[in-house]
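The next block holds one structure in the form of structure tokens; read it before the comments.
Letters go in sequence order (proteins before strands), and every chain restarts at 1. The figures here come from the full heavy-atom set of this structure, side chains too, leaving out hydrogens, waters and symmetry mates.
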Protein chains: 2
Amino acid sequence: MDETAPQKGTVTQRAIEQIKALIAEGRLEPGERLPTERDLAARLGISRSSMREAIRALTVMGVLEARHGSGIYVTQLEAGDLLETFGVVADLSRGPQLVELLEVRRILESTATGLAAARITAGELAEVEKHLAAMNETDDPEEILSHDLAFHRAIVAAAGNGSMAAILEGLSSRTFRARVWRGYQQEDAFERTRREHAAIHRALVAHDPEAARAAAAAHVGEVEQWLRTQLSS
Amino acid sequence: MDETAPQKGTVTQRAIEQIKALIAEGRLEPGERLPTERDLAARLGISRSSMREAIRALTVMGVLEARHGSGIYVTQLEAGDLLETFGVVADLSRGPQLVELLEVRRILESTATGLAAARITAGELAEVEKHLAAMNETDDPEEILSHDLAFHRAIVAAAGNGSMAAILEGLSSRTFRARVWRGYQQEDAFERTRREHAAIHRALVAHDPEAARAAAAAHVGEVEQWLRTQLSS
DNA sequence: CAGCCGTAGTGGTCCGACCACCCGAGTGGT
DNA sequence: ACCACTCGGGTGGTCGGACCACTACGGCTG
């Protein structure tokens with residue numbers, strides 16, 4: 001009953017595709033536990049080393065999760081799991097590509113902020129305000145960055161699209177922003193950032209999607225423009 | 001002179017971070033060739049097996065590229081390389097998450113189409129029209145899907161943001177759309193799709209960004225809405 | 001000089017052993 | 001009867017070495 005699939009590509013690559021297919025076909029449910037590495041290797045007729053590489057690949061993709069001493073499990077396959085590696089793109093990009101990513105972020109984040117303005121609840125708004133206040137009460141750049149991230153994260157979460165939130169999370173990865181800000185915050189940007197955040201907050205309170213969208217677009221666009229001019233010099 | 005870095009996480013994970021750091025710090029340029037697996041393993045004081053898993057992980061991320069018999073090379077680190085795995089998300093998502101991804105695609109693709117309307121050249125427009133015509137002259141669903149993909153790909157390419165194009169490529173992966181369309185095309189959607197494509201094309205010819213944006217948003221939004229109602233039933 | 005061809009070196013695969021960790025069954029005490 | 005502890009089996013993690021498949025380069029041949 002074995003398929004004896006002809007050789008196409010490397011053995012490991014085949015194993016990756018086969019396991020991925022099992023999940024795509026629904027024969028492996030999210031959270032379910034897989035057979036042991038040794039079993040899987042024997043089943044596909046490959047060595048454990050190759051199977052381990054395949055598992056490693058799927059682990060990196062966020063499809064599988066290996067727990068030492070326990071077993072291998074399928075993740076919940078939520079956007080957060082699968083888009084974890086997305087941050088690597090932002091970490092390794094540079095130059096013109098950074099501007100491109102910032103443009104993507106501007107588009108998505110402005111839309112998300114607009115959606116949030118329409119849907120945000122009192123509780124979610126309180127979370128946003130917590131970080132807004134905390135950000136205004138400290139001068140430690142590290143802490144400001146943290147609350148800046150949390151501020152936007154809370155807003156995006158209120159938009160209700162988990163996948164979009166996961167993508168934006170990658171585009172706002174800590175190292176990514178730290179790199180851009182390294183020079184940016186030396187300008188008069190601190191005060192400007194606070195004003196822009198205040199504008200976004202006002203629009204959220206007023207439940208005004210259009211104003212929120214514009215404010216968020218302007219906010220990200222400021223950084224984008226600054227970075228653009230930096231590159232041309 | 002060895003660092004003797006204390007144990008944090010698994011050995012392989014450490015190796016991944018170290019190589020990634022080498023690239024982020026610019027000590028490894030895009031296209032450059034790395035030392036051999038055996039060298040790298042010895043250098044970091046780990047076994048070749050573990051090093052291979054680390055390399056496999058970075059290969060999956062699109063950071064490295066292994067050429068059998070030749071060596072390991074750093075990719076060009078362009079968006080296309082790094083976002084290759086993005087398609088897996090679309091392939092493995094289902095249910096409500098598909099709607100979320102389609103919403104992201106609607107936002108990005110409408111913006112990209114708007115940008116394209118403003119910037120598109122005569123040559124790029126000809127490419128778009130080629131696929132538009134080909135799509136109207138066949139009834140083979142498989143071929144229609146191909147030209148549909150190429151139609152949108154050509155437009156997005158004209159927007160001039162390679163990173164955005166790479167993300168949309170993942171969100172429009174073949175298997176993703178095939179799954180959604182399986183039922184969709186049984187409706188009166190064929191004719192409607194052609195009309196919508198024509199509308200997008202008209203806006204491109206007129207170099208009217210706002211019209212192009214609206215047409216693209218409506219186009220993707222149609223499918224999105226259909227999928228949404230499918231899920232609630 | 002052009003083209004073939006062998007060989008050194010690379011990644012790809014396999015094997016078997018051992019280590020580090022998790023978990024549940026069994027054991028002892030209360 | 002119940003609980004806490006222990007300990008063993010099974011799991012993923014690591015290691016070292018061997019061999020295979022392929023590429024690239026240089027010398028050899030015509």
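The listed nucleotides are D:dG13, C:dG12, D:dT11; the one nearest the side chain of A:R33 is D:dT11.
For B:E17, the salt bridge (Lys or Arg N to Asp or Glu O under 4.0 Å) criterion is met by B:K20, not counting sequence neighbours. The salt bridge (Lys or Arg N to Asp or Glu O under 4.0 Å) test applied to B:E65 returns B:R67, not counting sequence neighbours. Residues forming a salt bridge (Lys or Arg N to Asp or Glu O under 4.0 Å) with B:E169 (at least two apart in sequence, or on another chain): B:R153. Partners of B:E109 according to the salt bridge (Lys or Arg N to Asp or Glu O under 4.0 Å) rule, which considers only residues two or more places apart in sequence or in another chain, are B:R105.
Between B:I72 atom CD1 and C:dG9 atom P there is a gap of 17 Å when expressed in whole angstrom units. Between A:R14 atom CZ and C:dG12 atom P the separation is 14 Å, expressed in whole Å. Distance CD1 (B:I46) to P (D:dT14): 8 Å, rounded to an integer number of Å. Separating the CD atom of A:E37 from the C1' atom of C:dG16 is a distance of 15 Å, rounded to the nearest angstrom.
Within residues 47-65 of chain A, the residues approached by DNA chain C to less than 4.0 Å at the level of any non-hydrogen atom are A:S47, A:R48, A:S49, A:S50, in residue-number order.
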Side-chain atoms of residues 77-84 of chain B: list all donor-acceptor pairs with protein atoms under 3.5 Å, sequence neighbours left out, distances to 0.1 Å.
from  : atom 1 : to    : atom 2 : distance (Å)
B:D81 : OD2    : B:L77 : N      : 3.4
B:D81 : OD2    : B:E78 : N      : 3.3

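Residues A:N136 and A:H197 form no side-chain contact, since every pair of their non-hydrogen atoms from C-beta on lies 4.5 Å or further apart.
A side chain to side chain donor-acceptor pair (under 3.5 Å) check over residues 124-133 of chain A, counting only residues at least two apart or in different chains, returns the pairs A:T121-A:E124, A:E127-A:H131, A:E129-A:H201, A:H131-A:H147. Within the structure, ring-ring contact (aromatic ring centres under 6.0 Å, His included) contacts touching residues 35-92 of chain A (residues at least two apart or in different chains) are A:F86-B:F86.
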Which pairs, protein N/O on one side and nucleotides 20-23 of chain D N/O on the other, fall under 3.5 Å?
from   : atom 1 : to    : atom 2 : distance (Å)
D:dA21 : N3     : B:H68 : NE2    : 2.9

